[in-house]
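All remarks here apply to the structure that follows.
Every chain is numbered from 1 and lettered A, B, ... according to where its sequence line falls, protein lines coming before strand lines.
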Number of protein chains: 2
Amino acid sequence: MRVGGHSERRVKVSLLEGSRRQTCSDCVVRGFAICAALDKTELWELANLSRHIHCEPGTTVFAQATMATSFFSVLEGVLRLYKLLPDGRRQIIGFALPGDFVGLAGSPQYEFSADAIGAVVLCQFSRASFARFAENRPRFLRRINELAGRELSRAQEHMVLLGRRSAEEKVASFLIGWRDRLAEIGSAGGVLPLPMGRLDIADYLGLTIETVSRTFTKLERDGIIRILTGGISLLDAARAEALSAA
Amino acid sequence: MRVGGHSERRVKVSLLEGSRRQTCSDCVVRGFAICAALDKTELWELANLSRHIHCEPGTTVFAQATMATSFFSVLEGVLRLYKLLPDGRRQIIGFALPGDFVGLAGSPQYEFSADAIGAVVLCQFSRASFARFAENRPRFLRRINELAGRELSRAQEHMVLLGRRSAEEKVASFLIGWRDRLAEIGSAGGVLPLPMGRLDIADYLGLTIETVSRTFTKLERDGIIRILTGGISLLDAARAEALSAA
DNA sequence: TCAAATTATTGATCGAAGTCAAAGACGGTT
DNA sequence: AACCGTCTTTGACTTCGATCAATAATTTGA
């Protein structure tokens, strides 16, 4: 039974149930995805290079060290992006949300793996045709730079978290960061859905599943969050932010 | 006195003593820096936007959260790039070597600080004029993408290191990675100069200075490295690589 | 609606890395 | 060459998070 008197049946939280469209011009992520930099004609051209794909929960979209033949833009759902060590240790390097562009790599192979958490819809481009399309479109190239810069900046913030923060700070930072990312893509507040499991959170934060679980429990005991099935509710955002900042 | 019978006076190792030129076309880093994508005319134009600056050891080139008015390309020496937490904890997110381009940020403020380790020569660009120069040069923009992608890929590898590797693996990975980066820019082998101090290494690896020192000593006891002042010699590269990979 | 499988929580114990403290080595200066 | 300040190494001890192990909650599927 849960500690702290919260043994009632947990409220179920779900996430990002959008409608599906088939044309780029009224795409769900049109405003903030890679294609935000394009005009109508270009959009139509790019549409002809793309196809939508639907992934079942748990599907691997692409695997580390395989040939990087495609790029993807997330339309719906969440991907976990991770790298594996030869002995099976896993580091999740990020979660991709609607609007995120995934698969850009320096090398001809993917440098990490990506799989679907829950159902996912992707916009797929062949690497070659995408590169050809981008080649002489400075506006588009600048847009790619912009997204890559944002990605890099997130990676740097994550290095600080992994290298220099305590377990409690890590979990609090994760919750605040997740909340902010959902807010960016326009998700409701109040309750925070966490579609990924504890193991994913652990592998994202460089912790074990037990430590994550204990830390969630501690945050709940301290009145900072309320644990729900499939998510949490942020009872004391200010305190969580304080933990997450310092 | 050193453990293991290595108490003789240590050999001093120094690094990257190149000659200085004032024109772009025979710049030391011409082959692999950002400007590798430019033709003669463009190079001349870009040269007019840049000035060389020399930094004393320890100088801060730019500080986190200040206005990002300039970009830099490293010509000689090494910069440490780091983020600070409010309470003073530091995470070094990378070392910038000759050819590296530094200061690209999503935001108008620098997202990390950079200071010189030893003497450093930089090629400085004003952000605004650099952006204007790049704006309509797809080749140049693609070059920026390429460098940013490499940077991102390094950051991802570093997240795995910080989140999922033991102290010994961290130190071994650092040494192998450093060796490979020096090799890329054409540095001699045999002895590996380490211009940064133990504290820098610790803050890069998410460890304390004591743990780094103990780990160096252990690697030396195990016959994998030999500790020299200002560097190490890799006695058993294969064993170090094994530690660093798995 | 119940049983099996999966995922999350909790407890007890262990160990890798951190902390505190002291000594040793090195580099610069006079 | 001797002194001073800084950086590095080593030792003793502590602690945070990992590991091992069991229980509880939730989901799935017949």
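Remark: P of C/dG24 and CD1 of B/I227 are 17 Å apart, rounded to the nearest angstrom. Atoms CG (A/L228) and P (D/dT27) sit 12 Å apart, rounded to a whole Å. Taking atom CD1 on A/I232 and atom P on C/dA8, their separation rounds to 15 Å, with Å as the unit. Distance, B/I201 CD1 to D/dT8 P: 8 Å, rounded to whole Å. Whole-Å rounding puts the A/I209 CD1 to C/dT6 P distance at 14 Å. Computed from coordinates, the B/R89 CZ to C/dG18 P distance equals 13 Å when rounded to whole Å. Distance CG (B/D203) to P (D/dC7): 13 Å, rounded to an integer number of Å. Taking atom CD of A/E56 as the reference point, atom P of D/dT28 lies 13 Å away to the nearest angstrom.
The main-chain N or O of B/Q156 is never found under 3.5 Å from a side-chain atom of A/H158 such that the two would form a donor-acceptor pair.
Annotation: A/R51, atom CZ; neighbour count of heavy atoms from other residues, nucleotides and ligands within 6.0 Å does not exceed 12.
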Does A/L79 form a side chain to side chain contact (heavy atoms under 4.5 Å, CB included) with A/L122? I'd like the steps, not just the answer. CA-CA 10 Å; A/L79 297 176; A/L122 301 169; 4.1 Å; yes

Verify side chain to side chain contact (heavy atoms under 4.5 Å, CB included) between B/F62 and B/F112, making sure each step is shown before the conclusion. CA-CA 8 Å; B/F62 56 83; B/F112 50 85; 3.8 Å; yes

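Comparing C/dG18, D/dT9, C/dT9 against the side chain of A/R198 picks out C/dT9 as the nearest.
A/E157 has a carboxylate O that lies under 4.0 Å from a charged side-chain N of B/K83, or vice versa, which qualifies the two as a salt bridge. With salt bridges taken as basic N to acidic carboxylate O contacts below 4.0 Å, none links B/E184 and B/R150.
Note on B/T208: every side-chain N or O is 4.0 Å or more away from OP1 and OP2 of C/dT19. Between A/R214 and the phosphate of C/dT9, there is no side-chain N or O to OP1/OP2 separation shorter than 4.0 Å. Considering only side-chain N and O atoms, A/T229 lies nowhere under 4.0 angstrom from the phosphate OP1 or OP2 of D/dT26. Side-chain N/O atoms of A/S213 include none lying less than 4.0 angstrom from OP1 or OP2 on C/dA8. Using a 4.0 Å cut-off, some side-chain N or O of B/T211 falls inside it from OP1 or OP2 of C/dG18.
For D/dT9, its base never sits under 3.5 Å from the side chain of B/R221 at any donor and acceptor pair.
Cation-pi check for B/R181 over B/F95 is not met; the charged atom does not lie both under 6.0 angstrom from the ring centroid and within 45 degrees of its normal.
The stretch residues 159-175 of chain B comes close to DNA chain C through B/S166, B/A167, each having a heavy atom under 4.0 Å from the strand.
Place B/F216 and A/E210 on DNA chain D by their nearest nucleotides, and B/F216 ends up nearer the 5' end.
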